[in-house]
Amino acid sequence: MPELPDVEVYRRRLAQGGLHRAIAKVLVPDRTVLRGVNGAALARALRGRALVGTGRRGKHLFAETSDQTTLVMHFGMTGVLQVDGQPSMPASYVRLVLQLADGGALSLLDPRRLGFVTVVEDVAAYCQQHDLGPDALDLRVGDLRALLRGHRGGLKAVLMDQSLVAGIGNIYSDEILFQARLDPRRPASGLDDAEVRRLHRQLLRVLQLAADRGADPSSFPMGWLMQHRNDGAACPRGHGAIRKVQLGGRGAYYCPDCQS
DNA sequence: ACCTATGTTATCGC
DNA sequence: GGCGATAACATAGG
């Protein structure tokens with residue numbers, strides 16, 4: 001479920017329970033998880049060290065090692081970071097395991113294998129090379145106003161463009177636009193100032209609240225679109241029916257009555 | 001068999 | 001170059 005709130009949950013999980021524990025062994029059952037690093041280099045960077053700090057930019061999770069290098073993780077569409085415990089998925093979905101000297105483990109599980117890991121020396125350079133925009137939770141209203149002004153594309157496409165704002169994907173872009181009562185196809189540059197402020201407030205509120213509730217949709221407030229993403233479902237505001245349209249190859253859900 | 005699915009990247013056409 | 005649409009990657013489930 002990895003959009004910004006999910007990855008933030010993983011970051012907190014790692015920060016709370018995964019740091020300052022020596023890495024005894026690095027297992028890579030499936031090499032396709034490696035991106036721009038081979039298994040030997042990954043093991044060399046991690047074995048005998050510990051993770052000592054965490055960071056996140058959009059959907060990328062960073063774990064700094066005790067040797068100044070940084071483990072980069074991306075979770076694709078189905079990746080999960082697990083700290084200790086029994087694997088929550090079949091063993092065939094395990095893509096990376098850091099076995100810890102104390103007997104625990106950090107694992108990346110990912111059925112669809114669209115996630116990846118790598119190791120970098122310079123996180124800022126990595127973000128620049130991969131054209132990652134500012135993290136969505138760091139966006140100030142002026143930043144949002146400026147980036148909207150420069151783009152005639154639809155609001156949903158702009159929110160999901162990781163080079164403009166990092167962290168928002170298909171599900172949360174729908175939720176943010178639903179909460180802000182804005183049509184996903186509205187040209188970004190066409191918003192008036194009140195609409196920009198509304199979008200900014202809801203963008204932060206949705207992502208922050210989702211992360212604080214463990215990115216678990218069943219814990220989200222009633223009135224959120226999240227559990228009503230079905231064509232024809234009743235709008236949680238009671239105004240009409242949710243419609244599904246195709247935007248950029250993805251299903252976009254919105255309420256034509258509430259969102260304009 | 002067909003369609004859909006939380007992500008990213010490349011390519012085509014306007 | 002911007003922008004939308006499409007396919008590809010890989011896998012599971014309806």
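Each chain gets a letter, A, B and so on, in the order the sequences are listed, and its residues count up from 1. Only a predicted model underlies this, so the values are computations on that prediction, with no experimental measurement involved.
- Comparing atom distances between the A:Lys59 side chain and each of B:dT6, C:dG4, B:dT8 picks out B:dT8 as nearest.
- Distances shown here put a side-chain N or O of A:His74 below 4.0 Å from the OP1 or OP2 atom of B:dT8.
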Output a table of nitrogen or oxygen pairs between the protein and nucleotides 6-9 of chain C separated by less than 3.5 Å.
none

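- Here C:dG1 presents its C1' atom at 10 Å from CZ of A:Arg152, a figure rounded to the nearest Å.
- Using a cutoff of 4.0 Å between basic side-chain nitrogens and carboxylate oxygens, A:Asp30 and A:Arg113 are scored as salt-bridged.
- Residue A:Arg229 places no side-chain N or O under 4.0 Å from the OP1 or OP2 atom of B:dA5.
- Residue A:Lys156 is classed as having no contact, given no heavy-atom separation below 4.0 Å to the nucleic acid.
- Among the protein residues, A:Gly115 comes within range of no part of the nucleic acid, since none of its heavy atoms lies under 4.0 Å from any strand.
- Salt bridge annotation for A:Asp174-A:Lys244: absent, with no cationic side-chain nitrogen under 4.0 angstrom from a carboxylate oxygen.
- C:dG14 atom P lies 14 Å from atom CG of A:Asn230, rounded to whole Å.
- Within 4.0 Å of A:Tyr93, counting heavy atoms only, lie sugar-phosphate atoms of the nucleic acid but no base atom.
- The aromatic rings of A:His60 and A:Phe62 sit parallel to each other, their planes meeting at less than 30°, with 60° as the upper class boundary.
- Using a 4.0 Å cut-off between a side-chain N of Lys or Arg and a carboxylate O of Asp or Glu, A:Arg57 and A:Asp135 do not qualify as a salt bridge.
- Separation of the P atoms belonging to B:dC2 and C:dA7 is 14 Å when rounded to the nearest angstrom.
- Going from atom CE of A:Met160 over to atom C1' of C:dC3 covers 15 Å, rounded to whole Å.
- Using a 4.0 Å heavy-atom cutoff across all strands shown, A:Gln246 reaches no nucleic acid atom at all.
- At whole-Å resolution of the value, CE in A:Met77 and P in B:dT8 are 10 Å apart.
- The interatomic distance linking A:Asp131 (CG) with C:dG1 (C1') rounds to 14 Å, in whole Å.
- Between the CG atom of A:Leu132 and the P atom of B:dG7 there is a distance of 14 Å, given to the nearest Å.
- Taking the centre of each ring, A:Phe75 and A:Tyr10 come in below the 6.0 Å mark.
- In this structure, A:Phe116 and A:His74 have parallel ring planes: the angle between them is below the 30° cut-off, well short of the 60° mark.
- Remark: A:Lys244 is not in phosphate contact with B:dC3, judged by side-chain N or O atoms under 4.0 Å from OP1 or OP2.
- Atom CD1 of A:Ile168 is separated from atom P of B:dG7 by 11 Å (rounded to the nearest Å).
- Under the 4.0 Å criterion applied to side-chain N and carboxylate O atoms, A:Arg95 and A:Asp110 are not assigned as salt-bridge partners.
- With values rounded to the nearest 0.5 angstrom, A:Tyr172 atom OH is found 12.5 Å from A:Leu203 atom CG.
- When the P atom of C:dA10 is taken as reference, atom CZ of A:Arg113 falls 7 Å away, rounded to whole Å.
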Can you run through DNA chain C from 5' to 3' and write each base as (, ), [, ], | or . depending on how it pairs? Watson-Crick or G-U wobble, both distances under 3.5 Å.
-> .||||||||.||||
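- OP1 and OP2 of C:dG2 both lie 4.0 Å or more from every side-chain N or O belonging to A:His151.
- If you check the side chains of A:Thr54 and A:Arg11, you find a donor sitting under 3.5 Å from an acceptor.
- The cationic group of A:Arg229 does not satisfy the cation-pi geometry with A:Tyr254, failing either the under 6.0 Å distance to the six-membered ring centre or the 45° limit from the ring axis.
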Taking only N/O atoms, report every protein-nucleotides 9-14 of chain B pair under 3.5 Å with atom names and distance.
none

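- Other residues, nucleotides and ligands contribute over 12 non-hydrogen atoms within 6.0 Å of the CZ atom of A:Arg237.
- A salt bridge does not link A:Glu195 to A:Arg181: none of the charged side-chain nitrogens sits closer than 4.0 Å to a carboxylate oxygen.
- The P atoms of C:dT6 and B:dC3 are separated by 13 Å, rounded to the nearest whole Å.
- As judged by a 4.0 angstrom heavy-atom cut-off over every strand, A:Arg185 is placed among residues making no nucleic acid contact.
- Heavy-atom neighbours of A:Arg140 CZ from other residues, nucleotides or ligands within 6.0 Å: at or below the threshold of 12.
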